[in-house]
Visitor: 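Following this message is one structure expressed as structure tokens.
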There are 2 protein chains.
Amino acid sequence: MDVTTPMVNGIDTDALRRLAGEIAEDPDRGRASFHVTTSWKGGTRSDTRVESWQLGGRAITKDFTLRADEPCELLGCGTAPNPQEMLLAAFNACLTVGYVAGCSLEGIRVRSLRIECDGMLDLRGFLGLSPDASPGYQALRLVVHLDADGTPEKLQAIHDRVMRTSPNRWSLAQPVPMEATLLLTGSGSGA
Amino acid sequence: MDVTTPMVNGIDTDALRRLAGEIAEDPDRGRASFHVTTSWKGGTRSDTRVESWQLGGRAITKDFTLRADEPCELLGCGTAPNPQEMLLAAFNACLTVGYVAGCSLEGIRVRSLRIECDGMLDLRGFLGLSPDASPGYQALRLVVHLDADGTPEKLQAIHDRVMRTSPNRWSLAQPVPMEATLLLTGSGSGA
């Protein structure tokens, strides 16, 4: 594999190195802000709109809708993946980018990559039935199936780096500070 | 509002109370296991398949695909939401279920619910450019717009409960233990 080829695994490695160089020089260029708006659609259904994001202070438009619903067994209509499955998908999708970017920068061709993720909830937490039951995932278990050109040592090093640098892995493995504001509108506002 | 009406906001509140009663009696019935499989589709694209989940040890089939891609500015093709947006969508969708279930159980009619969520990444973390830069979200900021029948005090109490019991909020606000296994297949396995 010619490491100088810019396109590796569908990633423009020249552009990736250039982006990294620009951000190393001016960290403000590496500030990526994401924003979504979720609207309730009846029952347990919701649509989340993704309309813009910002990179280095510059707004960039998008146009996507993510649908979610609970299965019938959890009082929904089963019309879409549920929020817990969407969380696992977000985790896996982020790791996928990490492996492919990492391999591409080393000139390693990826033939296939498949990531399985499992997690279990104790619904007593969500239902408020037991103060001892955590509402969230007790643990997440990943199995990464990678078929790529590199040596096992090289691929293991890339795996270790992905585990350290994946944004969504970090957001799940570390506590993320949160700030929530409830705005009551209509008659519920007491107005 | 007649609190005894089983369908409130599209939620069968009788069924929800029944489910909670069954799980209170036998916590094993409240074990919900989720599983997704993500396949790399070239570049930064991936498809995540949701084919089954388990409730109380019983497997239930599903059939959904969640697509992800990075925007062009982050070396992708911009064909789908990116993993960070999907994470925010999963968070919001979970909170939506919490507000609607909470209001429904109290017989409170929800007219509209919209949740905005913002988060920022410092891409130096993902790019490994600085050990001081966290790869994940520094913080998440939520604004919940709720138009519902209840008193402000009642709705605030439901909000506080959602913040305590949302599974995906918990998974992001608390560290989730993880176990990852790398399986090398094909020539990369050194076989």
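Hydrogens, waters and symmetry mates are skipped; everything else that's a heavy atom, side chains included, is used. Just so it is clear: chains get the letters A, B, ... in the order the sequence lines come, proteins before strands, and each one is counted from 1.
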Visitor: For a 4.5 angstrom cut-off between non-hydrogen side-chain atoms, does A:Pro27 reach B:Arg124?
Guide: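 Counting from C-beta outward, A:Pro27 and B:Arg124 do come under 4.5 Å.
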
Visitor: Output all residues satisfying side-chain hydrogen bond (donor to acceptor under 3.5 Å, both in side chains) with A:Gln84, sequence neighbours left out; order by chain, then residue number.
Guide: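 Scan of A:Gln84 (side-chain hydrogen bond (donor to acceptor under 3.5 Å, both in side chains), adjacent residues dropped) gives A:Asn82, B:Asn168.
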
Visitor: Which pair of heavy atoms, one from A:Pro135 and one from B:Thr165, lies closest together, and at what distance?
Guide: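 For A:Pro135 versus B:Thr165, the nearest heavy atoms are CB-O, 3.2 Å.
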
Visitor: At a heavy-atom separation under 4.5 Å, does A:Leu16 approach chain B through its side chain, its backbone, both, or neither?
Guide: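 Both backbone and side chain.
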
Visitor: Is there a side-chain contact between B:Phe91 and A:Met178 in this structure, where contact means two heavy atoms from C-beta onward sitting under 4.5 Å apart?
Guide: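 Counting from C-beta outward, B:Phe91 and A:Met178 do come under 4.5 Å.
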
Visitor: For A:Val110, is it the side chain, the backbone, both or neither that has a heavy atom under 4.5 Å from a heavy atom of chain B?
Guide: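 Both backbone and side chain of A:Val110 come within 4.5 Å of chain B.
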
Visitor: Name the member of B:Met163, B:Lys41, B:Arg114, B:His35 that forms the most heavy-atom pairs with chain A at distances under 4.5 Å.
Guide: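 Among the listed options, the one with the most contacts to chain A is B:His35.
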
Visitor: Between A:Cys94, A:Ala139, A:Ala24, A:Pro81, which shows the greatest number of heavy-atom pairs under 4.5 Å with chain B?
Guide: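 Of A:Cys94, A:Ala139, A:Ala24, A:Pro81, A:Pro81 has the most heavy-atom pairs under 4.5 Å with chain B.
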
Visitor: What pair of heavy atoms forms the shortest contact from B:Leu121 to A:Pro167, and how long is it?
Guide: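 Looking at all heavy atoms of both residues, the shortest contact is CD1-CB, 3.9 Å.
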
Visitor: Which atoms of A:Thr96 are under 4.5 Å from chain B, going by heavy atoms: the side chain, the backbone, both sets, or neither?
Guide: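 Just the side chain, heavy atoms under 4.5 Å.
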
Visitor: If I measure from the heavy atoms of chain A, does B:Leu95 come under 4.5 Å with its side chain, its backbone, both, or neither?
Guide: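 Neither part.
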
Visitor: If you tally heavy-atom pairs under 4.5 Å against chain A, which of B:Asp47, B:Leu127, B:Ile23 wins?
Guide: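 Heavy-atom pairs under 4.5 Å are most numerous for B:Ile23.
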
Visitor: When heavy-atom pairs shorter than 4.5 Å are enumerated against chain A, which of B:Ala68, B:Gly102, B:Gly98, B:Gly119 gives the highest number?
Guide: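 Counting heavy-atom pairs under 4.5 Å, the top option is B:Gly119.
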
Visitor: Quick check for you: among A:Ser46, A:Ser112, A:Ser134, A:Gly128, which has the greatest number of heavy-atom pairs under 4.5 Å with chain B?
Guide: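 The candidate making the most pairs under 4.5 Å is A:Ser134.
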
Visitor: Does one hydrophobic cluster hold both B:Leu105 and B:Ile11, with members joined at side-chain heavy-atom distances below 4.5 Å?
Guide: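 Shared cluster, yes.
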
Visitor: B:Asp147 and A:Leu184: side chain to side chain contact (heavy atoms under 4.5 Å, CB included), yes or no, with the steps?
Guide: CA-CA 6 Å; B:Asp147 180 2; A:Leu184 301 179; over 6 Å; no

Visitor: Decide if atom CZ of A:Arg161 counts as having more than 12 heavy atoms of other residues, nucleotides or ligands within a radius under 6.0 Å.
Guide: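 Check passes, neighbour count above 12.
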
Visitor: Consider only side-chain heavy atoms of I, L, V, M, F, W and Y, link residues closer than 4.5 Å, and tell whether B:Leu172 and B:Val143 are in one cluster.
Guide: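 Different hydrophobic clusters.
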
Visitor: Side chain, backbone, both or neither: which part of A:Leu113 has a non-hydrogen atom closer than 4.5 Å to chain B?
Guide: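 Interface part for A:Leu113: both.
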
Visitor: Heavy atoms only: give me the nearest B:Val100-A:Gly43 pair and the separation to one decimal.
Guide: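 For B:Val100 versus A:Gly43, the nearest heavy atoms are CG1-O, 3.5 Å.
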
Visitor: Hey, does B:Leu75 have a side-chain heavy atom less than 4.5 Å from the side chain of A:Leu19?
Guide: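 Yes; the side chains approach each other to less than 4.5 Å.
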
Visitor: Measure A:Gln54 against the heavy atoms of chain B and call it side chain, backbone, both or neither at under 4.5 Å.
Guide: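 For A:Gln54, neither part sits under 4.5 Å from chain B.
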
Visitor: With a 4.5 angstrom heavy-atom cut-off, could you sort out which part of A:Glu73 is near chain B: side chain, backbone, both or neither?
Guide: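 It is both, since atoms from each part get that close.
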
Visitor: Is the shortest heavy-atom distance from the side chain of A:Ile60 to the side chain of B:Pro71 under 4.5 Å?
Guide: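 Not touching, per the 4.5 Å side-chain cut-off.
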
Visitor: May I ask you to name which of A:Ala93, A:Ala20, A:Ala32 has the most heavy-atom pairs under 4.5 Å with chain B?
Guide: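 The option with the most such pairs is A:Ala32.
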
Visitor: Chain A: which of B:His145, B:Lys62, B:Arg164 shares the most heavy-atom pairs with it under 4.5 Å?
Guide: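 Heavy-atom pairs under 4.5 Å are most numerous for B:Lys62.
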
Visitor: Which atoms form the tightest heavy-atom contact between B:Thr48 and A:Ala89, and what is the distance?
Guide: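 Heavy atoms of B:Thr48 and A:Ala89 come nearest at CG2-CB, 3.6 Å.
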
Visitor: Could you tell me which non-hydrogen atom of A:Met86 sits nearest to which non-hydrogen atom of B:Ala90, and how far apart they are?
Guide: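 Heavy atoms only, the tightest pair is SD-N, 3.6 Å.
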
Visitor: Which of the residues B:Asp63, B:Asp12, B:Leu74, B:Thr65 is involved in the greatest number of heavy-atom pairs with chain A at under 4.5 angstrom?
Guide: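 Most heavy-atom pairs within the cutoff with chain A belong to B:Leu74.
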
Visitor: Between B:Thr181 and A:Leu142, does a side chain to side chain contact (heavy atoms under 4.5 Å, CB included) hold up when you go through it step by step?
Guide: CA-CA 6 Å; B:Thr181 306; A:Leu142 286 167; over 6 Å; no

Visitor: Residues in salt bridge (charged side-chain N to carboxylate O under 4.0 Å, His left out) with A:Arg18, at least two apart?
Guide: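 Once residues adjacent in sequence are excluded, A:Arg18 has no partner under the salt bridge (charged side-chain N to carboxylate O under 4.0 Å, His left out) criterion.
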
Visitor: With side chains defined as the heavy atoms from C-beta onward, is the minimum distance between A:Phe126 and B:Val97 less than 4.5 Å?
Guide: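 Yes, close enough: below the 4.5 Å cut-off.
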
Visitor: Does any non-hydrogen side-chain atom of B:Leu55 lie less than 4.5 Å from one of A:Leu123?
Guide: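 A:Leu123 vs B:Leu55: side chains touch.
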
Visitor: Find out whether B:Arg31 and A:Asp122 are in side-chain contact, i.e. whether some heavy atom of one side chain is under 4.5 Å from a heavy atom of the other.
Guide: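 A side-chain contact under 4.5 Å is absent here.
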
Visitor: Counting heavy-atom pairs closer than 4.5 Å to chain A, which one of B:Ser39, B:Gly10, B:Cys117, B:Ala101 comes out on top?
Guide: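 Highest number of pairs under 4.5 Å: B:Cys117.
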
Visitor: Do you know which of A:Leu140, A:Leu88, A:Leu87, A:Asp118 makes side-chain contact (heavy atoms from CB on, under 4.5 Å) with B:Phe34?
Guide: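 Result for side-chain contact (heavy atoms from CB on, under 4.5 Å) with B:Phe34: A:Leu88.
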
Visitor: Quick check for you: among A:Thr38, A:Val144, A:Asn9, which has the greatest number of heavy-atom pairs under 4.5 Å with chain B?
Guide: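 Option with the top pair count is A:Thr38.
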
Visitor: Between A:Val162, A:Val176, A:Leu129, which residue shows the highest count of heavy-atom pairs closer than 4.5 Å to chain B?
Guide: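 Of the options given, most contacts go to A:Val176.
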
Visitor: Mind listing the closest non-hydrogen atom pair of B:Leu155 and A:Leu182 along with its distance?
Guide: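 So the two residues come closest at O-CD2, 3.9 Å.
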
Visitor: So do the side chains of A:Leu183 and B:Leu146 get within less than 4.5 Å of each other, counting heavy atoms only?
Guide: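 Answer no - side chains too far apart.
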
